[in-house]
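Okay, structure first, notes after.
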Amino acid sequence: MAVTPLIWIITIGVTILFFVYEFFAHVRKPHEPTIAESARWSIFYVSLALLFGVGIGLVSGWTYGGEYFAGYLTEKALSIDNLFVFLIVMAGFAVPKAYQQKVLMIGIIIALIMRGAFIAVGAALIENYSWIFYLMGALLLFLAYRQAFGSHESDPANGKVVGFARRILPITDTYHGDRLSVTIDGKRFFTPMLLTIVAIGFVDLVFAVDSIPAIYGLTEQAYIVFTANAFALMGLRQLFFLIGGLLERLVYLAQGLAVILAFIGVKLVFHALHVNELPFINGGQHIDWIPDIPIWFSLLFIAATITVATVASLAKTRRDARAGIER
């Protein structure tokens with residue numbers, strides 16, 4: 001896939017313009033978005049992401065188009081998992097509804113910057129060290145296990161990073177609009193809004209460790225990795241307000257994501273064996289008999305897993321609700 005520096009500059013520039021527009025059109029004036037507003041913009045961003053994937057397929061071939069769609073689906077699913085933690089952060093800091101948009105916007109920008117750094121590092125490692133696929137595969141298998149069986153009830157609002165910030169910074173007890181700092185009796189204080197953003201930023205860092213190895217298991221093209229991440233994050237703010245109540249009903253999302261991460265982890269290990277250069281594995285020779293999982297199968301598997309997890313979650317919550325009524 002040929003991506004010139006000019007295409008990179010245009011892509012990054014357009015991405016920045018989208019976020020600038022988002023800020024001045026929707027976030028600058030504090031308000032709680034309506035369901036209709038969130039739905040319209042969610043549909044817009046999803047449609048834009050799908051059209052971009054079609055464009056990649058038409059211009060660069062459908063192998064790359066399939067890689068983009070598989071990557072976008074994976075990143076979107078992982079981003080929805082982010083929303084669970086964002087809800088915990090917002091509740092932990094009691095962020096007023098009108099100011100949540102600003103927190104989410106800053107958090108999403110931090111996430112994109114962090115992922116951009118991870119993408120650049122990942123691309124350099126893949127280009128120079130084929131054995132990195134073994135490490136990425138092992139990492140994803142570990143993350144899949146943690147996703148399926150680990151605890152998801154920790155509160156980032158009371159985490160070590162936020163606790164450290166509270167100890168070294170003068171923090172007010174109440175919010176002062178959506179301001180990050182205020183001056184009281186001639187002394188500068190920071191508000192809980194700043195701590196919320198610190199917590200969101202730390203969450204973004206943790207999730208970047210999940211998402212970047214996952215998508216590099218589907219494509220080695222840094223451009224596809226970046227654009228899939230950018231589009232997955234673009235509509236995340238609207239999605240937060242659109243499906244905030246639905247998130248609590250997706251009880252099997254963690255297990256679905258675990259299956260996806262494990263699948264991509266196995267795919268990465270298989271690919272590592274195909275390009276093996278480690279002398280203590282098969283004498284440093286490639287292992288050609290290992291099956292190579294095609295991108296069309298990856299796309300179908302990821303889509304099917306997300307669908308099954310969603311349908312099963314909604315069915316369970318419906319059964320539980322009926323059982324509660326009967327009792």
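FYI, the numbering just counts along the sequence from 1.
A continuous path of Ile, Leu, Val, Met, Phe, Trp and Tyr side chains, each step under 4.5 Å between heavy atoms, connects Val269 with Leu135, placing both in one hydrophobic cluster. Under the 4.5 Å side-chain heavy-atom criterion for ILVMFWY residues, a single connected hydrophobic cluster contains both Val14 and Leu48. With hydrophobic clusters built from ILVMFWY side chains whose heavy atoms lie under 4.5 angstrom apart, Val59 does not share a cluster with Phe231. Neither Val46 nor Leu51 shares a network with the other; the hydrophobic side chains, linked directly or stepwise wherever heavy atoms of I, L, V, M, F, W or Y lie under 4.5 Å apart, form separate groups for each. Note on Ile113: it clusters hydrophobically with Val20, by side-chain heavy-atom contacts below 4.5 Å among ILVMFWY residues.
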CA sep, side-chain torsions, deciding dist, call: Val225, Leu218, side chain to side chain contact (heavy atoms under 4.5 Å, CB included): CA-CA 9 Å; Val225 175; Leu218 300 167; over 6 Å; no

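The two residues Leu140 and Pro213 have their closest heavy-atom pair at CD1-O, 3.6 Å. Between Lys267 and Ile293, the closest heavy-atom pair is CE-O, 3.5 Å. The minimum heavy-atom distance linking Ile215 with Ala228 is given by the pair CD1-CB, 3.6 Å. Between Thr307 and Ala303, the shortest heavy-atom distance links the atoms OG1-O, 2.8 Å. Between Val95 and Gln100 the shortest heavy-atom distance is O-NE2, 3.1 Å. Contact record, Ile119 with Ala222: CG2-O, 4.0 Å, taken as the closest heavy-atom pair.
At a threshold of 4.5 Å between non-hydrogen side-chain atoms, the residues Ile306 and Leu257 do not count as touching. In this structure, Phe44 and Trp41 have side chains that are in contact, with non-hydrogen atoms separated by less than 4.5 Å.
Evaluation of the side-chain contact (heavy atoms from CB on, under 4.5 Å) rule for Phe142 yields no partner, not counting sequence neighbours. For Gln221, the side-chain contact (heavy atoms from CB on, under 4.5 Å) partners two or more places apart in sequence, or in a different chain, are Met1, Tyr64, Glu67, Thr219, Ile224.
Identified under the side chain to side chain donor-acceptor pair (under 3.5 Å) test for residues 48-63, with sequence neighbours left out: none.
Close placement of the Tyr68 and Phe52 rings is indicated, their centers lying within 6.0 Å of each other.
With hydrogens and angles left out, the side-chain atoms of Thr191 and Arg179 include no donor and acceptor closer than 3.5 Å.
Taking the six-membered ring where tryptophan is involved, the planes of Phe301 and Phe263 are essentially parallel, since the angle between them stays under 30° and well short of 60°.
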